[in-house]
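This report refers to the structure that appears directly beneath it.
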Amino acid sequence: MAARKKREPDPATQIEELRQALEGAEPEKLYLLRGDERYFRERGASIVRDRASELGYEVSVHATRDPDFDAGLLLGDLAGGSLFATARCVVVRDAGPLLKKQGKEHGPFVRAALAFLQSDAPGCLVVTADSVRADHALAKAAAEHGRLLGCRRLYDSAPPWNPDPRQAELVQWFFRLARSRRVELSPDQALYVVAATGNDLFALEAQLAKIAAGGGESVRELVGWSAAGSPFEVAEAIAGGDVKRAVGGAHALFRGGFAERDGTRLVDGTGLSAILLSSLVRNVRQALAGAEALGRGGDPLEGALRAGWTLPPRARPAFDERVRARDPREWRGMLEDVAELEIASRSGKILGADDFCRLALRWRRRVPAASRG
């Protein structure tokens, strides 16, 4: 039997291990920080950069999203020796565009990086990117010449085996951060701040500073509700008939916007409604395919798969429950209502939270799923 692959530590643990490893030590040659959580990528890069500065390295920072980014200067930093220091630390932020191949060959940056790693030139290279394949040349080089750190987003839902919302990874991270900054927060207060702010670690860190300087005011007085919503979660709640979650989620979405993977926040109502409608159509059509299969005496999941819909294993129990809550006629009626909202949107109407709340109220779950055959 093959050995079970060792589970990767959570991002906060990896960053702390990086900090400890650099205490009193020289940086390794390469640090590759990959993942969709910019907070951890930036934190890890700063730890290496600060240590390099302490040791007298010449530090140069290149950010591909900077309008003044100059690829030629970056390649020159990797190829040339340091002019004023014994070693050089080259930091490349958001390097994704530089990691792509040109045909079958590596691009100029990857070639220069690999040459730097194989040379005797003193110094280190720090690369951050939201996604890097495990078989990429730099990912493989990180195992040989330094460290590869996973910087995924923290889970903002509690695990199924412990559904207490205070046990969500994001809440636990924020609670530990508060303790490390000597800010007194109860688990319930930490949960409130996270719920009010959303999965934005930079914003949560700022909230912590606000609480620390609050002068005795209550957490709820200091922290207003600014959390972004998720159009995908709202669509699932509407389709599932969970009116409370759907209404709360719709208002949060149109009030706070949608936090995208790159850290930006979409707040335009037209864009939000377009994503929400698209997700709603997918959810309802998927359920309709399952309900029609069930009506023929078949399996709902198999019906959805035959119709071209795929579901990850962990989503299948909820899908089965959702399908059995309505018959095919009801699912078709819901699809017609969603189509009417789509038509209104394309005709120039600006949809808002109230439009989706009315849809959620109309299709709220009235009959427990267990009572249907």
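All figures in this text were calculated on a predicted structure; none of them were measured in a lab. This chain uses plain numbering: 1 for the first residue, then up along the sequence.
In this structure the side chain of Q189 never reaches within 4.5 angstrom of the side chain of E184, judged on heavy atoms. No side-chain heavy atom of F69 sits less than 4.5 Å from a side-chain heavy atom of R93. A heavy-atom distance below 4.5 Å is not found between the side chains of L177 and L201. For the pair Y31/L18, a side-chain contact is recorded, criterion being any heavy-atom separation below 4.5 Å from C-beta on. No side-chain heavy atom of L272 sits under 4.5 Å from any side-chain heavy atom of P231. Counting heavy atoms from C-beta on, the side chains of L55 and P27 come closer than 4.5 Å. When side chains are defined from C-beta on, P165 does not count as touching V171, because their heavy atoms never get closer than 4.5 Å. Annotation: side chain of R153 is in contact with side chain of E37 (closest heavy-atom distance under 4.5 Å).
Taking 4.0 Å as the cut-off between side-chain N and carboxylate O, R41 and D94 count as a salt-bridged pair. Classification of E16 and R176 as a salt-bridged pair fails, no side-chain N sitting under 4.0 Å from a carboxylate O. Ionic pairing of E342 and R346 is present here: one or more N-O contacts between side-chain nitrogen and carboxylate oxygen are shorter than 4.0 angstrom. We find that E23 and R19 are joined by a salt bridge, their nearest charged nitrogen and carboxylate oxygen being less than 4.0 Å apart. Taking 4.0 Å as the cut-off between side-chain N and carboxylate O, R365 and E321 count as a salt-bridged pair. With respect to D354 and R358, no salt bridge is recorded, no charged nitrogen being found less than 4.0 Å from a carboxylate O. For E236 and R322, the salt-bridge test fails: no basic side-chain N is under 4.0 Å from an acidic carboxylate O. Here E292 pairs with R332 in a salt bridge; the nearest charged N to carboxylate O distance falls below 4.0 Å.
For S279 (side chain) and I275 (main-chain N/O), no donor-acceptor pair under 3.5 Å exists by modelled atom type. With hydrogens and angles ignored, the 3.5 Å screen pairs no side-chain donor or acceptor of R88 with any backbone N or O of S60. With S278 contributing its side chain and A274 its backbone, the two residues share no donor-acceptor pair below 3.5 Å. Looking only at distances, a side-chain donor or acceptor of E330 sits under 3.5 Å from a matching main-chain atom of D327. Proximity of a side-chain donor or acceptor of R181 to a complementary backbone N or O of L208 within less than 3.5 Å is not detected. Of the possible donor and acceptor atoms, none in the side chain of Q167 sits under 3.5 Å from a partner among the backbone N and O of D164. Counting only distance, with no hydrogens or angles, the side chain of E58 and the backbone of A87 share no donor-acceptor pair below 3.5 Å. Although no hydrogens or angles enter the test, the distance criterion places a donor-acceptor pair under 3.5 Å between the side chain of Y192 and the main chain of V223. Not one N or O on the side chain of R362 forms a donor-acceptor pair closer than 3.5 Å with the backbone of D337. Between the side chain of R51 and the backbone N or O of V48, no donor-acceptor pair lies under 3.5 Å.
A distance of 12.5 Å separates CD of E336 from CG of L341, quoted to the nearest 0.5 Å. Note that CG of N199 is 9.0 Å distant from CH2 of W173, once rounded to the nearest 0.5 Å. Going from atom CD of Q207 over to atom CZ of F174 covers 7.0 Å, rounded to the nearest 0.5 Å. Considering OG1 of T128 and CZ of F40, their distance stands at 14.5 Å, rounded to 0.5 Å. The line from CG of D320 to CG of L301 is 8.0 Å long, rounded to the nearest 0.5 Å. Atom-to-atom distance recorded for L32:CG and L99:CG is 7.5 Å, nearest 0.5 angstrom.
For the residue pair A291 and P328, the shortest heavy atom distance occurs at O-CG, 3.6 Å. The two residues S53 and V59 come nearest to each other via the heavy atoms OG-CG2, 3.5 Å. Taking each heavy atom of R166 and Q172 in turn, the nearest pair found is O-NE2, 2.8 Å. For the pair A293 and G303, the tightest heavy-atom approach, listed with the atom from each and the gap, is CB-CA, 3.5 Å. Nearest heavy atoms, G352 versus F356: O-CD1, 3.3 Å. When every heavy atom of V194 is checked against every heavy atom of L204, the shortest pair comes out as CA-CD2, 3.9 Å.
L78 and V132 fall within the same hydrophobic cluster, where Ile, Leu, Val, Met, Phe, Trp and Tyr residues are linked whenever their side-chain heavy atoms come under 4.5 Å apart, directly or through other members.
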**Message:** Run the side-chain contact (heavy atoms from CB on, under 4.5 Å) test on K140 and D135 for me, step by step, so that the C-alpha distance in whole Å, both residues' side-chain angles and the decisive distance to 0.1 Å come before the verdict.
**Reply:** CA-CA 7 Å; K140 294 178 179 179; D135 60 355; 4.2 Å; yes

**Request:** Under the side-chain contact (heavy atoms from CB on, under 4.5 Å) rule, what do V126 and R49 come out as? Steps first, then yes or no, please.
**Result:** CA-CA 8 Å; V126 183; R49 184 182 63 206; over 6 Å; no

**Prompt:** What's the verdict on ring pair (Phe, Tyr, Trp, His ring centres under 6.0 Å) for F319 and W309, showing C-alpha distance, side-chain angles and the deciding distance?
**Reply:** CA-CA 12 Å; F319 171 74; W309 304 103; 9.7 Å; no

**Prompt:** Stepwise, does the side-chain contact (heavy atoms from CB on, under 4.5 Å) test hold for L277 with V338?
**Reply:** CA-CA 7 Å; L277 283 168; V338 176; 4.1 Å; yes

**Request:** Before giving the answer on side-chain contact (heavy atoms from CB on, under 4.5 Å), spell out for L280 and L359 the whole-Å C-alpha distance, their side-chain angles and the decisive distance to 0.1 Å.
**Result:** CA-CA 11 Å; L280 260 173; L359 181 68; 3.8 Å; yes

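The environment of CZ in R43 is sparse: at most 12 heavy-atom neighbours from other residues, nucleotides or ligands sit within 6.0 Å.
Under the 3.5 Å distance criterion, with hydrogens and angles disregarded, a donor-acceptor pair is assigned to the side chains of E26 and Y57.
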Identify all side-chain donor-acceptor contacts of residues 237-247 below 3.5 Å with residues at least two apart in sequence or on another chain.
from	atom 1	to	atom 2	distance (Å)
D242	OD1	R245	N	3.3
D242	OD2	R245	NE	3.4

Less than 3.5 Å apart, which donor and acceptor atoms pair up between the side chains of residues 115-123 and the rest of the protein, not counting sequence neighbours?
from	atom 1	to	atom 2	distance (Å)
S119	OG	F116	O	2.7
S119	OG	A121	N	3.2

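Listed by chain and residue number, T197, D200 satisfy the side-chain contact (heavy atoms from CB on, under 4.5 Å) test with A203 (two or more places apart in sequence, or in another chain).
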